[in-house]
Chemist: 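Dropping a structure here in structure tokens format, bear with me for questions.
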Amino acid sequence: MQLLDGKFISNKIKEEIREEVEALKKNGERPPHLAAILVGNDGASLTYVGSKVRSCEQIGFDSTLIKLDEDISEDKLIANINKLNNDSDIDGFIVQLPLPKHIDEEKILKLVDPSKDVDGFHPYNFGKMAQNLDSFIPATPHGIVELIKRYDIQTEGKHVVVIGRSNIVGRPISILLSNKSNPGNSTVTLVHSRTKDISFYTKTADILVVALGIPNFLKSDMIKKDVVVIDVGITRVEDLTKEKGYKIVGDVDFESVKLKSSFITPVPGGVGPMTIAMLLKNTLKARKNQ
Ligand code: GUN
């Protein structure tokens with residue numbers, strides 16, 4: 001078993017971006033500028049957005065964090081989005097999800113200017129990705145593809161089973177790995193909460209992407225030997241032995257599954273840091289496109 005070390009690879013990618021930013025600055029150009037809108041005080045979202053802002057600082061990007069009250073009206077949120085759309089100093093921005101229940105997420109994501117949509121959530125970018133055209137690819141599936149590429153894992157002709165059909169992870173990664181590309185050219189099965197007998201499919205997988213948000217869901221009796229396992233789960237589970245009072249748990253029962261797998265991502269330190277690195281990569285792309 002070999003670990004797919006997302007922390008190590010993401011640091012490498014961040015270093016590559018930092019060097020590009022330095023070159024931009026030497027050329028007299030301004031660095032990329034990422035903005036994030038955070039609505040409310042969800043603990044996990046605060047942590048993720050905090051990491052995104054810190055990473056910007058590490059690599060020489062400018063960053064702006066816009067914190068809005070949990071009970072903000074949809075109109076006021078839209079006003080903030082329009083302001084960022086029209087601000088030529090902002091190259092890209094994200095609206096951290098989930099949004100409070102009174103706000104229509106689908107409507108909000110459609111209002112982000114596609115040229116600044118570094119999350120790749122706008123239907124315009126999602127459609128281009130699905131047609132294998134150049135676009136902003138959502139950061140988590142993009143990070144998974146990059147991890148597969150950097151570890152030289154072969155995907156052509158392989159059976160990939162994706163568990164979970166979210167717009168952020170399951171759906172896009174199933175499209176990317178079936179695209180005519182490298183990595184890609186896989187045969188993909190997408191299973192979800194209404195699939196009868198998920199194990200039937202997972203047992204035939206060469207590569208498994210587990211993104212359903214149920215801690216320790218994938219057990220060793222659900223997989224064949226030498227499978228590649230990508231764990232996208234990041235659930236906070238109470239653990240009073242930790243300073244913060246919780247630990248982060250993946251969707252894979254790591255201790256048993258690692259014994260049967262050829263490659264496996266740890267949680268934390270697998271897909272999570274790759275997500276941030278790819279968001280930064282998308283922001284650099286947005287800056288260059290301007
Ligand atoms: N919530 C969970 N993952 C993401 C992400 O990649 N981007 C945004 N904006 N919100 C998220």
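Side-chain atoms are counted along with the backbone in the values below, which use heavy atoms only and exclude waters and symmetry mates. Just so you know, ligand 1 is whichever comes first in the structure, and atom 1 is the first atom listed for that ligand.
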Chemist: How many angstroms lie between atom CG of N11 and atom CD of E16, to the nearest 0.5 angstrom?
Modeler: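 Here the rounded value is 11.0 Å.
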Chemist: Is it true that a side-chain atom of D113 and a backbone atom of S115 form a donor plus acceptor pair closer than 3.5 Å?
Modeler: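 Answer holds: yes.
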Chemist: Side chain to side chain contact (heavy atoms under 4.5 Å, CB included) for V257 and D231? Distances and angles first, verdict last.
Modeler: CA-CA 11 Å; V257 168; D231 186 352; over 6 Å; no
Chemist: Geometry only, no angles: is V95 polar-contacting ligand 1 at N/O separations under 3.5 Å?
Modeler: yes
Chemist: Does ligand 1 have any atom sitting under 4.0 Å from a heavy atom of Y48?
Modeler: no
Chemist: How about K247: does its NZ atom have over 12 heavy atoms from other parts shown lying under 6.0 Å from it?
Modeler: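 Open.
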Chemist: Looking at G170, is its backbone amide N or carbonyl O close enough to the side chain of H192 to form a donor-acceptor pair, meaning the two atoms are under 3.5 Å apart?
Modeler: no
Chemist: For atom 9 (N) of ligand 1, which candidate among D119, I234, T140 holds the nearest heavy atom?
Modeler: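 The residue whose heavy atom sits nearest atom 9 (N) of ligand 1 is D119.
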Chemist: Among all protein heavy atoms in this structure, tell me which lies nearest to atom 4 (C) of ligand 1, with the distance rounded to 0.1 Å.
Modeler: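 Answer, as residue, atom name and distance: Q96 NE2, 4.1 Å.
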Chemist: Would you say L97 and ligand 1 have an N/O pair spaced under 3.5 Å apart?
Modeler: yes
